[in-house]
Number of protein chains: 2
Amino acid sequence: MDYFSGYISDLVEQFASLPGIGTKSAQRLAFYIISQPEEKAKKLAGSILAARSKVRYCKCCCTLTDSEICPICANPKRDKKTIMVVETPRDLAAYEKTGKYEGVYHVLHGAISPMLGIGPDDIRLKELMARLSSGEVEEVIVATNSSLEGETTAMYISKLIRPAGIKVTRIASGVPVGGDLENIDEVTLLRALDGRVALC
Amino acid sequence: MDYFSGYISDLVEQFASLPGIGTKSAQRLAFYIISQPEEKAKKLAGSILAARSKVRYCKCCCTLTDSEICPICANPKRDKKTIMVVETPRDLAAYEKTGKYEGVYHVLHGAISPMLGIGPDDIRLKELMARLSSGEVEEVIVATNSSLEGETTAMYISKLIRPAGIKVTRIASGVPVGGDLENIDEVTLLRALDGRVALC
């Protein structure tokens with residue numbers, strides 16, 4: 001990009017450093033920004049700075065929020081006796097979209113992964129244990145991903161919490177609704193078989 | 001994204017307004033920015049503002065640059081008698097990468113498209129004609145894309161310039177090098193046939 005300007009190559013480099021954006025996309029984005037009214041560039045830059053400086057972790061459930069306590073934890077209608085443990089704020093958003101879950105959450109910001117060197121102390125487990133010590137919580141629903149890391153984390157949490165006499169459950173694993181059996185992997189098929197439930 | 005913060009939804013919206021970035025990618029980018037050190041967010045925002053405010057059109061060839069005249073036009077070694085007309089600065093970059101073209105360029109910033117309501121006055125054709133009036137130019141190589149719009153633009157330029165007695169050429173259209181005949185569309189195959197050249 002040296003045919004144009006150092007400012008363009010710099011912007012391309014910055015965009016290309018974002019996850020999922022390659023050099024070609026970064027170039028396209030940089031040229032787009034330059035072709036837009038200055039107002040548009042200012043708005044984008046302002047949003048980036050504002051989000052980075054204002055957003056922090058909820059003191060209670062560790063999700064992202066711009067207040068001390070997130071709206072879910074602050075909502076008196078939510079059932080504080082049930083905590084759903086998720087890996088990321090996006091997983092929380094996925095369950096919130098269903099509109100059916102009435103408990104609260106706890107966001108770990110990751111999962112235990114010996115491969116990547118992520119141990120129990122690197123995710124927000126201490127914060128979860130602190131919440132449980134109040135004695136108010138009756139059930140912890142472990143909704144980490146159905147991946148190796150997610151399962152490892154679920155097992156670890158279960159072993160950690162069970163001695164405290166709190167019920168620990170795991171979201172069901174099986175055939176997705178609308179899923180076509182022939183296109184589903186073997187592990188999922190066996191899980192669905194193991195987890196079969198009686199019809200009526 | 002209202003489960004988190006207006007700052008996050010705002011950033012997601014800004015990212016999603018960029019070309020080629022959907023809502024899911026925009027969310028991923030927003031969460032990434034928030035998870036990074038503040039320095040990183042400041043750098044990205046700074047690059048956006050700098051590129052938008054410093055980059056302008058070269059007074060001669062209309063490409064993007066941060067100086068009055070771009071480095072290619074300012075280079076005394078480039079052959080000013082040959083102008084290659086391209087649609088975008090990225091097309092210029094593609095030819096510069098070959099390292100073999102020694103003439104200069106003219107960037108139209110678009111192509112004529114009656115469908116999209118883009119006429120000859122909406123692209124940088126006036127600037128091209130002004131350059132030709134000096135009488136110094138001997139050849140104009142039309143390197144617009146091989147699309148309907150690119151071909152229309154090429155025809156238009158050719159009709160516009162020919163009366164001035166300047167040689168107008170068009171880059172060859174045909175089978176790409178390394179291309180497999182069976183995978184190439186019919187129009188390209190017929191073009192390659194029409195444009196056949198004598199061997200030796």
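Source: prediction; values computed, not measured. Proteins come first, then strands; the chains are lettered A, B, ... in the order of their sequence lines, and each starts at number 1.
Of the two parts of A:Ser53, the backbone and the side chain both hold a non-hydrogen atom closer than 4.5 Å to a non-hydrogen atom of chain B. In this structure, no portion of A:Ser67 lies under 4.5 Å from any heavy atom of chain B.
Counted within 6.0 Å of CE on A:Met129, heavy atoms from surrounding residues, nucleotides or ligands total more than 12; the atom is thus considered enclosed. Taking a 6.0 Å sphere around NZ of B:Lys80, one finds it holds more than 12 heavy atoms contributed by other residues, nucleotides or ligands. In the displayed structure, B:Glu38 atom CD is contacted under 6.0 Å by more than 12 heavy atoms of other residues, nucleotides or ligands. No more than 12 heavy-atom neighbours from other residues, nucleotides or ligands sit within 6.0 angstrom of OH on A:Tyr95.
Side chains of B:Ile33 and A:Leu18 form a contact here, defined as non-hydrogen atoms less than 4.5 Å apart. Within the 4.5 Å cutoff, side-chain heavy atoms of A:Ile21 are placed close to those of B:Ile21.
Partner A:Tyr7 forms a side-chain contact (heavy atoms from CB on, under 4.5 Å) with one of B:Ile48, B:Val55, B:Leu49 and no other, that one being B:Val55.
The two atoms that bring B:Leu11 and A:Ala51 nearest to each other are CD2-CB, 3.6 Å, heavy atoms only.
Note that the OG atom of A:Ser47 and the CD atom of B:Glu13 stand 8.5 Å from one another [nearest 0.5 Å].
A chain of hydrophobic side-chain contacts below 4.5 Å, direct or via other Ile, Leu, Val, Met, Phe, Trp or Tyr residues, connects A:Val140 to A:Val104. Linking ILVMFWY side-chain heavy atoms closer than 4.5 Å, directly or via other members, places A:Leu132 and A:Met155 in two distinct hydrophobic clusters. Using a 4.5 Å cut-off between side-chain heavy atoms of Ile, Leu, Val, Met, Phe, Trp and Tyr, with links allowed through other members, B:Leu148 and B:Ile112 fall into different hydrophobic clusters. The same ILVMFWY cluster, assembled from side-chain heavy atoms under 4.5 Å apart, contains both B:Tyr32 and A:Leu29. Using a 4.5 Å cut-off between side-chain heavy atoms of Ile, Leu, Val, Met, Phe, Trp and Tyr, with links allowed through other members, A:Ile8 and B:Ile69 fall into different hydrophobic clusters.
A donor-acceptor pair is defined here as one N or O able to donate and one able to accept, closer than 3.5 Å; such a pair exists between the side chain of A:Arg28 and the backbone of B:Pro19. Side-chain atoms of A:Arg52 come within 3.5 Å of backbone N or O of B:Gln36 as a donor-acceptor pair.
Options A:Arg56, A:His109, A:Lys40 differ in how many heavy-atom pairs under 4.5 Å they form with chain B, and the most are formed by A:Lys40. Residue with the most contacts toward chain A among B:Ala30, B:Ala50, B:Pro89, B:Gly46: B:Pro89 (heavy-atom pairs, distance under 4.5 Å). Your options are B:Leu44, B:Asp10, B:Thr88, and the one with the most heavy-atom pairs under 4.5 Å with chain A is B:Leu44. Interface check for chain A: of the options B:Pro37, B:Ser25, B:Ser35, B:Gly20, the most heavy-atom pairs under 4.5 Å are formed by B:Pro37.
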